[in-house]
Amino acid sequence: MIAAVRGAPEASWQNRAGSLEWDCRETVEHLADDMFCYAMQLAPPEPPLDGYVPVLQARLRPGGPEETIHAERGAGLAGLFQVLEASTGLLAAMVRTKPPQTRAFHSYGVSDPEGFAAMGVVEALVHAHDVAAGLGVTWEPPAALCERTLARLFPDAPTGADPWPTLLWATGRTELPGHPRRASWRWRSAPQD
């Protein structure tokens with residue numbers, strides 16, 4: 001994702017990210033925050049099962065995303081990408097090191113490390129789509145990654161279509177033939193026991 005958008009002019013990062021209310025920079029910050037917060041949910045020796053780890057969240061502007069972490073504006077896009085990479089690395093480390101029987105709270109339901117990894121993948125894919133649209137960049141993820149993510153988090157999604165548009169449909173970003181755009185959506189975060 002970073003490779004696809006890295007060359008976009010700095011001024012274009014103020015463009016609205018796809019259909020979101022946030023600009024492209026805010027959307028990448030939101031993605032970094034998702035990764036960081038998912039890692040925090042898994043990190044405690046006894047992860048919370050009834051709420052989020054209690055950290056302060058703040059908005060940098062009215063209508064902007066409410067986040068736990070924000071990239072230092074003076075560090076430019078390189079700093080923004082570094083925050084995203086660091087947060088993603090934290091989630092990857094938690095997923096790799098926590099036992100599979102670990103359970104932690106998410107507002108869509110208690111999940112396991114595999115579920116939090118899949119949630120991170122969904123967030124990365126769909127927000128990369130949002131940012132790429134805002135920057136006017138063409139980007140598409142590997143079909144196999146979309147297939148695995150759909151199977152884990154969206155088992156009710158239509159089958160037989162290209163997995164990337166299906167994932168965009170599952171997250172309310174587009175319509176599919178015979179399936180109107182979703183006005184609301186949720187993934188299934190429950191562990192696959």
Side-chain angles (χ1 to χ4, degrees), residues 1 17-22 26-60 63-71 83-131 141 144-158 163-164 166-174 181-193:
M1 176 242 185
S19 62
L20 302 179
E21 296 295 322
W22 310 324
E26 289 172 329
T27 302
V28 173
E29 278 187 328
H30 168 76
L31 175 56
D33 192 71
D34 285 338
M35 301 298 182
F36 178 76
C37 290
Y38 292 168
M40 282 195 342
Q41 286 304 107
L42 290 170
E46 294 184 29
L49 298 175
D50 59 355
Y52 288 110
V53 172
V55 295
L56 180 65
Q57 295 186 319
R59 295 181 199 279
L60 294 183
E66 188 174 43
E67 307 295 351
T68 302
I69 60 170
H70 299 276
V83 169
L84 176 59
E85 291 170 336
S87 296
T88 302
L90 291 171
L91 177 57
M94 286 295 99
V95 167
R96 284 189 193 114
T97 59
K98 294 303 265 193
Q101 66 272 18
T102 300
R103 301 293 184 263
F105 176 84
H106 185 276
S107 59
Y108 289 176
V110 170
S111 197
D112 58 356
E114 177 188 77
F116 278 96
M119 290 181 233
V121 169
V122 167
E123 296 284 358
L125 297 181
V126 300
H127 289 312
H129 167 78
D130 299 331
V131 170
L145 184 58
C146 297
E147 287 173 356
R148 286 188 65 191
T149 305
L150 284 164
R152 175 60 177 84
L153 295 179
F154 299 100
D156 62 331
W164 176 227
T166 303
L167 183 59
L168 292 174
W169 171 84
T171 57
R173 284 166 170 78
T174 192
R181 184 176 180 168
R182 290 177 143 182
S184 65
W185 57 273
R186 287 175 71 113
W187 54 56
R188 187 185 63 80
S189 57
Q192 293 182 323
D193 293 326

A.B. asks: Only counting residues at least two apart or in another chain, list the ones meeting side chain to side chain donor-acceptor pair (under 3.5 Å) with T174.
C.D. replies: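 Partners of T174 under the side chain to side chain donor-acceptor pair (under 3.5 Å) test: none.
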A.B. asks: Under the rule for side-chain contact (heavy atoms from CB on, under 4.5 Å), what residues qualify as partners of Q57, not counting sequence neighbours?
C.D. replies: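 With neighbours one apart ignored, the set is D33, E66, T68.
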A.B. asks: For residues 116-125, which side-chain N or O atoms pair as donor and acceptor with protein atoms under 3.5 Å away, sequence neighbours left out?
C.D. replies:
| from | atom 1 | to | atom 2 | distance (Å) |
| --- | --- | --- | --- | --- |
| E123 | OE1 | H127 | NE2 | 3.1 |
| E123 | OE2 | Y38 | OH | 3.1 |

A.B. asks: What donor-acceptor contacts under 3.5 angstrom involve side-chain atoms of residues 43-53, with partners at least two apart or in another chain?
C.D. replies:
| from | atom 1 | to | atom 2 | distance (Å) |
| --- | --- | --- | --- | --- |
| Y52 | OH | S107 | N | 3.0 |
| Y52 | OH | S107 | OG | 3.2 |

A.B. asks: Side-chain contact test, heavy atoms from C-beta onward, threshold under 4.5 Å: evaluate it for H30 versus D34 and give yes or no.
C.D. replies: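 Yes, at least one pair of side-chain atoms sits under 4.5 Å.
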A.B. asks: Taking salt bridge (Lys or Arg N to Asp or Glu O under 4.0 Å) as the test, write out the residues that go with R148, two or more places apart.
C.D. replies: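 With sequence neighbours excluded, R148 shows a salt bridge (Lys or Arg N to Asp or Glu O under 4.0 Å) to no residue whatsoever.
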A.B. asks: Identify, with sequence neighbours excluded, every residue that meets side chain to side chain donor-acceptor pair (under 3.5 Å) alongside H129.
C.D. replies: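 Counting only residues at least two positions away or on another chain, H129 forms no side chain to side chain donor-acceptor pair (under 3.5 Å).
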A.B. asks: Determine whether a donor-acceptor pair (N or O, by modelled atom type, separation under 3.5 Å) exists between the side chain of K98 and the backbone of P113.
C.D. replies: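 No, K98 side chain to P113 backbone: no donor-acceptor pair under 3.5 Å.
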A.B. asks: How far apart are the closest heavy atoms of R59 and G64, and which atoms are they?
C.D. replies: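 Closest pair (atom of R59, atom of G64, distance): NH1-O, 2.5 Å.
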A.B. asks: Working to the nearest 0.5 Å, report the span between OG1 of T171 and CZ of R186.
C.D. replies: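 Going from the OG1 atom of T171 to the CZ atom of R186 covers 15.0 Å.
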A.B. asks: For L84, what residues pass the side-chain contact (heavy atoms from CB on, under 4.5 Å) criterion, not counting sequence neighbours?
C.D. replies: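 Listed in chain order: M1, I2, V28, L31, A32, T88.
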A.B. asks: If the condition is side-chain contact (heavy atoms from CB on, under 4.5 Å), which residues does P99 pass it with, not counting sequence neighbours?
C.D. replies: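 side-chain contact (heavy atoms from CB on, under 4.5 Å) list for P99, sorted by chain: Q101, T102.
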A.B. asks: Could you pull out all residues at least two apart from R182 that satisfy side chain to side chain donor-acceptor pair (under 3.5 Å)?
C.D. replies: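 Side chain to side chain donor-acceptor pair (under 3.5 Å) list for R182, sorted by chain: D156.
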A.B. asks: Any side-chain to backbone donor/acceptor pair from T27 onto V131? Under 3.5 Å, distance only.
C.D. replies: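 Between the backbone of V131 and the side chain of T27 there is no qualifying donor-acceptor contact (under 3.5 Å).
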A.B. asks: Are R188 and L153 close enough that some pair of their side-chain heavy atoms sits under 4.5 Å apart?
C.D. replies: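 Contact flag for R188/L153 side chains = no.
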A.B. asks: Could you grab the distance from atom NE2 of H106 to atom OG of S189, nearest 0.5 Å is fine?
C.D. replies: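 It is 6.5 Å, given to the nearest 0.5 Å.
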A.B. asks: Listed by chain and number, what are the salt bridge (Lys or Arg N to Asp or Glu O under 4.0 Å) partners of E114, not counting sequence neighbours?
C.D. replies: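 By the salt bridge (Lys or Arg N to Asp or Glu O under 4.0 Å) rule, E114 matches R152.
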A.B. asks: Report yes if some heavy atom in the side chain of E29 is under 4.5 Å from a heavy atom in the side chain of P65; otherwise report no.
C.D. replies: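 A side-chain contact under 4.5 Å is absent here.
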A.B. asks: E26: which residues meet the side chain to side chain donor-acceptor pair (under 3.5 Å) condition with it, sequence neighbours left out?
C.D. replies: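 So E26 forms a side chain to side chain donor-acceptor pair (under 3.5 Å) with R61.
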A.B. asks: Answer yes or no: is there a side-chain heavy-atom contact under 4.5 Å between S87 and V83?
C.D. replies: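 Yes, close enough: below the 4.5 Å cut-off.
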A.B. asks: Which word best sums up how the rings of W185 and W187 line up, parallel for under 30°, tilted for 30 to 60°, or perpendicular for over 60°?
C.D. replies: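 Tilted, since the angle between the ring planes falls between 30° and 60°.
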A.B. asks: Identify, with sequence neighbours excluded, every residue that meets salt bridge (Lys or Arg N to Asp or Glu O under 4.0 Å) alongside E85.
C.D. replies: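 Salt bridge (Lys or Arg N to Asp or Glu O under 4.0 Å) list for E85, sorted by chain: empty.
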A.B. asks: For the side chain of R103 and the backbone of P100, is there at least one donor-acceptor N/O pair under 3.5 Å apart?
C.D. replies: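 Answer holds: yes.
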A.B. asks: Going from OG1 on T97 to CG on L42, what distance comes out if it is rounded to the nearest 0.5 angstrom?
C.D. replies: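 With rounding to 0.5 Å, OG1 (T97) is 8.5 Å from CG (L42).
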